[in-house]
Each structure stands twice: as C-alpha cells, then as structure tokens.
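Structure record follows, encoded as structure tokens.
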Amino acid sequence: MALPPTIPHLAAEAAARFGDRPALLGDDENWSFAELWRRAREAASAFLAQGVVSGERIAIWAPNRREWIVATIGAQTIGAAIVPLNTRLKGREAGDILRRTGARLLFTVGDFLGVDYPTLLADEALPDLERTILFDRDWDAFLAQGAGADDPRIAGALAALGPDTLSDIMFTSGTTGTPKGVLTTHGRIIPMFSAWGDAVGLCEGDIYLIVNPFFHSFGFKAGWVAALIAGATIVPMATFDVARMIEHIERDRISFLPGPPTIFQSLLAARAFDSSSLRCAVTGAATVPPILIERMQRELGFQTVVTAYGMTECSAITSCRQGDPVELVASSCGKALPGLEVKCADDAGREVARGQEGEVLVRGYGVMLGYLADASATAEAIDPDGWFHTGDVGVMDAGGYLRITDRKKDMYISGGFNCYPAEIEKLLSAHPAIGAVAVIGVPDERMGEIGHAFVVPRPGAMVDSDTLIGWARENMANYKAPRRITLLDALPLNASGKVVKPELRAMAERGAR
C-alpha cells in the first residue's frame with residue numbers, strides 16, 4: 001500500500017482505515033482515529049480564521065498532551081510548519097528560536113511543573129509573534145473562531161500539500177554556541193517511521209505509552225506519527241513519574257514502551273506490578289548493559305527489546321530487529337533502516353574496513369533538507385555526494401550492525417538530551433562574575449553524563465560553585481545546566497590558546513575518586 005505523502009494525509013488515512021478504534025487515550029475521554037482527524041480539521045479551520053497561510057511557522061512550547069497533536073496536524077493541514085520548543089528552555093533560549101523562525105503563533109501552557117511559560121517571555125522582543133494561545137486556558141476559544149471540521153477550505157489546503165512541504169523546524173543544540181534549526185519535510189518523515197515501525201515491531205492495536213517528549217523526534221516522529229502509521233493507540237504522558245507510568249501500564253494495558261535506559265531501570269526498582277501487557281521496548285541514547293535487557297525480559301516480561309540510533313538531522317538511522325540476540329542488542333545500535341545508506345568513513349569520506357573506527361555517515365531519504373538560514377553549516381554537514389556527517393565515531397561489523405564508540409563533535413548526552421559545551425559555555429559567559437569557562441561531560445550513573453564546568457572568575461569577583469549552579473539552572477534548560485563547577489585560577493591552554501579538555505577530564509576524574 002502506498003504511503004500517504006504528509007502527516008495530515010496520514011491522519012486522514014488512519015481515520016478511514018481504523019475508524020472508531022481508539023487512537024488516543026486520555027484521563028477523561030478517549031478519541032477514535034476518526035475523532036482525532038475531526039478535531040485536527042477543526043483546528044485547521046481555526047488557523048485559517050486566524051489568517052495563517054502556507055509556509056508560516058507555528059511554535060509549540062508544551063508538554064505531551066493531546067492538543068499538541070491536534071494543533072500540529074491542524075497547522076500542517078494548511079501548509080504551516082511547526083516549531084517544537086523544548087519545555088526545559090528558559091525565556092532567552094525560547095525567544096531566540098521564536099525570533100529566528102519568525103513564528104506567528106505560539107501554543108503553550110500557563111503552568112507546567114511550576115513554570116509559567118508566558119512569563120518567561122515577558123522581557124523578550126518578539127516582533128513576529130501575533131498571539132500566544134494557552135492550551136490549558138485558550139484552546140476552546142481558539143477553535144471556536146473557526147468554521148469547524150467541515151470547513152470547505154480544508155479540502156483545498158490539504159490538496160496543496162505534498163512530500164516536499166516543510167513539516168517542522170526542530171532545533172539542535174549548537175556545536176558553535178548557537179542552536180541550529182533543522183528543516184524537515186513530510187516526505188522525509190512518513191517513509192522513515194514506516195520503516196522504523198516495521199523494524200522495531202510496532203503493530204496495529206499496540207497501546208503505545210509516549211513519555212519521550214513530543215518536542216523531540218523520539219516522541220513526535222518515532223512517537224505519535226509512528227503510531228498513526230501502524231494503527232497503534234497513543235497514550236501521552238507529560239513527564240516521567242514511575243508511579244504514574246505503572247498506573248498507565250496496569251490500567252491501559254501498555255504493550256509498546258520506548259525510552260532511555262533510566263526509565264526501565266526505574267521500573268525494575270519499583271514495587272511489584274502487573275507488567276503482563278508489556279511486549280516491546282525500544283531504547284538508546286546511552287549504553288545498554290546486557291543485564292538490563294535480560295532483566296527487562298525476565299522481570300518485566302518484554303518479548304522484544306531493541307536499541308536504535310538517530311539524531312535531529314536524520315531522526316532514525318539504525319535499529320536492531322526483532323529476534324536479535326541480547327548480546328547484539330546491547331553491543332550495537334542496529335543496522336541501517338531500509339532505504340538508508342550508513343558507513344564508517346575516514347576524514348576524506350572513504351569507507352573504512354569493517355571492524356575499523358570511522359565517522360558515521362548517512363545518506364538517503366531521511367536526511368534533513370538543511371539548516372535554517374545557514375547555508376555554510378548545511379554544506380559543512382552534508383557533503384556534495386549527499387552524505388550527512390553525524391560527528392559520531394563508530395565501528396560497523398560484517399553484518400552491518402553499528403556500534404558508536406566515540407564522538408567527533410564536542411558533545412555529551414545527559415538524560416537522553418544532546419548537550420554541546422560550546423553553547424553552554426556561551427550561556428555561562430553571560431554571568432558577570434565569569435571570566436573564562438570550559439565545559440565537559442562526565443559520567444553519571446543516573447543521567448549517563450552530566451556537565452562539569454571549569455570556571456575562571458573575573459578579577460575581583462567573589463563567587464562560589466553553588467551560586468553559579470543555581471544561576472545556570474535559572475538561565476538555561478536544566479539538562480544543559482552543569483551539575484558540577486570547579487573554580488580555577490586559569491584554564492589549561494595549548495600553544496595556540498585552545499583549552500586542553502583532556503586535562504580537564506583528568507581533573508574531573510581525580511575529583512571523583
């Protein structure tokens with residue numbers, strides 16, 4: 001069967017195929033596939049009434065909730081691209097993204113985990129932003145301004161969409177200190193997550209608990225989009241809480257559960273509960289020890305546990321397959337998804353022999369269109385032959401299974417989120433007491449890695465590490481904020497004046513003993 005060209009076409013097709021079957025479970029009501037598409041059309045009509053036209057950008061800054069999905073499909077139905085914002089961003093970070101994308105509307109919430117999101121933007125200059133709609137206060141009024149799900153204009157808008165229509169602009173952390181906006185089209189998403197779903201075993205009728213955030217490819221594209229493709233039921237979870245997750249597993253009979261290893265470690269540490277419905281787990285973003293996989297199968301009852309690898313610029317690259325042995329799943333992140341080419345290459349882009357280390361390169365339909373308003377960064381990332389240079393270093397075995405061994409880019413992963421020291425250093429440098437700063441990632445049992453900042457105070461400045469850590473948490477997303485800070489008289493520099501980070505890692509290691 002031919003795949004639908006766009007996400008709105010996918011929602012329409014799912015409504016036709018699965019009809020009254022449950023598409024989305026909520027605390028107060030459940031929606032069928034037909035009802036989800038009806039509500040998305042209702043949102044599309046409201047966007048038209050607001051005067052939004054094809055090609056404009058709509059920002060969403062909110063936790064996982066059903067309105068997030070409806071707003072996305074509705075906006076995309078009329079040709080708009082969505083801009084997902086990480087809920088952990090602070091006002092300065094979010095304001096930068098809103099300005100750079102020229103977002104016309106912002107959908108957010110009045111309160112989430114004690115954070116008032118509109119207040120965070122109070123001091124930001126946002127000349128293009130016409131209106132902020134709060135999902136928890138203004139959503140019904142926003143929908144009411146439209147002509148409803150049967151608005152005749154929707155058919156024409158839908159007909160104008162195609163696989164080359166821009167779907168979203170998702171921001172990565174920045175290797176040079178500034179996050180980059182990744183441009184992705186609908187035609188890159190649908191075939192990729194059809195192949196991903198087949199590889200990992202997502203099936204029609206699965207009950208899919210999505211705790212991975214919708215602002216991330218894992219929760220958005222490998223999340224509810226993949227569920228619509230397969231005909232699985234979506235259960236959104238706003239934030240990870242082990243007791244709440246167990247409640248969902250027992251009440252909703254969850255069968256499909258992706259997430260970072262920490263989620264499964266937390267479930268294994270919890271009290272005994274009914275996990276008999278659990279069938280398939282997908283994990284990644286950190287090393288997965290074989291004993292964890294064995295315990296997930298033996299104690300939680302998972303029939304299938306697979307690992308996968310991807311990044312914002314190419315949301316899914318490799319995946320293990322159902323039936324792969326535990327040792328292979330634990331020691332690799334799988335092989336290339338069908339239709340993608342993956343190789344380990346030397347600095348000239350030539351493939352190295354199997355078993356040898358090289359930079360991981362990927363080519364094919366899933367690679368991004370490019371970076372927003374940054375042709376030079378795009379050309380640096382995607383070579384003339386179409387290979388995207390991931391910055392990760394890996395080894396590929398004779399069967400095509402990839403193992404990530406290092407990072408070429410100066411980056412670490414904390415709690416599943418990519419953290420770029422250059423960006424964090426730039427944010428920290430705004431503190432008036434900091435004269436120089438360098439950041440590295442250091443191992444952490446719970447988070448995988450955390451940030452460790454080495455700070456040289458300005459002359460005469462009086463500052464302590466606890467104060468700086470508190471300031472960082474107030475001024476940047478918490479996963480970026482360093483958990484450790486060491487004050488130094490000077491940073492170790494080489495002859496060309498660059499910070500010698502191996503020396504900093506040695507200092508951190510000595511301090512951890």
Run the side chain to side chain contact (heavy atoms under 4.5 Å, CB included) test on Asn64 and Val211 for me, step by step, so that the C-alpha distance in whole Å, both residues' side-chain angles and the decisive distance to 0.1 Å come before the verdict. CA-CA 8 Å; Asn64 294 5; Val211 66; 5.8 Å; no
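- Between Arg137 and Asp111, no side-chain nitrogen of the basic residue sits less than 4.0 Å from a carboxylate oxygen of the acidic one, so the salt-bridge criterion is not met.
- In summary, Asp324 and Lys335 do not engage in a salt bridge, as defined by a charged side-chain N under 4.0 Å from a carboxylate O.
- Under the 4.5 Å side-chain criterion, counting only non-hydrogen atoms from C-beta, Tyr401 is not in contact with Ser331.
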Full working for side chain to side chain contact (heavy atoms under 4.5 Å, CB included) between Ser277 and Ile249: CA-CA 7 Å; Ser277 63; Ile249 291 169; 4.1 Å; yes
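- Between Gly205 and Arg21, the closest heavy-atom pair is CA-NH2, 3.4 Å.
- Taking both residues in full, the closest heavy atoms of Asp20 and Ala34 are given as OD1-CB, 4.5 Å, listed atom of the first, atom of the second, then distance.
- Thr312 and Lys180 form no side-chain donor-acceptor contact under 3.5 Å, judged by distance and modelled atom types alone.
- Residues Ile73 and Trp37 form a side-chain contact, since some pair of their non-hydrogen atoms from C-beta on lies under 4.5 Å apart.
- Between Gln297 and Val326, some side-chain heavy-atom pair lies under the 4.5 Å cut-off.
- In terms of heavy-atom proximity, Ala62 sits nearest to Trp68 at O-NE1, 3.3 Å.
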Decide side chain to side chain contact (heavy atoms under 4.5 Å, CB included) for Ser332 and Asp397; before the verdict, give the C-alpha distance in whole Å, the side-chain angles of both, and the deciding distance to 0.1 Å. CA-CA 9 Å; Ser332 82; Asp397 69 14; over 6 Å; no
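- Gly391 approaches Glu359 most closely through the heavy-atom pair N-OE2, 2.8 Å.
- Residues Leu106 and Leu121 meet the side-chain proximity criterion, which asks for heavy atoms closer than 4.5 Å.
- Ile254 CD1 to Leu278 CG: the interatomic distance, rounded to the nearest 0.5 Å, is 8.0 Å.
- Aromatic ring pairs are classed by plane angle as parallel below 30°, tilted from 30° to 60° and perpendicular above 60°; the pair Phe107 and Phe135 is parallel.
- Among all heavy-atom pairs drawn from Ala508 and His452, the shortest one is CB-ND1, 3.7 Å.
- In this structure, Ser217 and Asn212 have side chains that are not in contact, with every pair of non-hydrogen atoms separated by 4.5 Å or more.
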Would you please test Thr6 and Gln76 for side chain to side chain contact (heavy atoms under 4.5 Å, CB included) and show each step? CA-CA 9 Å; Thr6 72; Gln76 291 176 334; over 6 Å; no
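- Listed here is the closest heavy atom pair of Cys314 and Ile317: O-CG1, 3.5 Å.
- Heavy-atom neighbours of Glu445 CD from other residues, nucleotides or ligands within 6.0 Å: at or below the threshold of 12.
- Within 6.0 Å of the CZ atom in Arg92, the count of heavy atoms belonging to other residues, nucleotides or ligands does not exceed 12.
- The pair Glu35-Arg39 meets the salt-bridge criterion, with a side-chain N (NZ, NE, NH1 or NH2) lying under 4.0 Å from an Asp/Glu carboxylate O.
- No option in Phe215, Tyr117, Phe112 other than Tyr117 meets the ring pair (Phe, Tyr, Trp, His ring centres under 6.0 Å) test with Trp61.
- Between atom CD of residue Glu299 and atom OG of residue Ser275 there is a gap of 9.5 Å, rounded to the nearest 0.5 Å.
- Under a 4.0 Å N-O distance rule, the pair Lys221/Asp168 qualifies as a salt bridge.
- Listed by first and then second residue, the side chain to side chain donor-acceptor pair (under 3.5 Å) pairs involving residues 80-90 are Asn86-Tyr479, Arg88-Asn478 (not counting sequence neighbours).
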Determine, stepwise, if the pair Asp27 / Arg244 fulfils salt bridge (charged side-chain N to carboxylate O under 4.0 Å, His left out). CA-CA 12 Å; Asp27 289 334; Arg244 180 71 168 150; 2.9 Å; yes
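- Counted within 6.0 Å of CZ on Arg298, heavy atoms from surrounding residues, nucleotides or ligands total more than 12; the atom is thus considered enclosed.
- Across Glu423, Arg100, Lys426, a single residue satisfies side-chain hydrogen bond (donor to acceptor under 3.5 Å, both in side chains) together with Thr178, and that is Lys426.
- A 4.5 Å side-chain heavy-atom check between Thr318 and Val360 finds every atom pair outside the cut-off.
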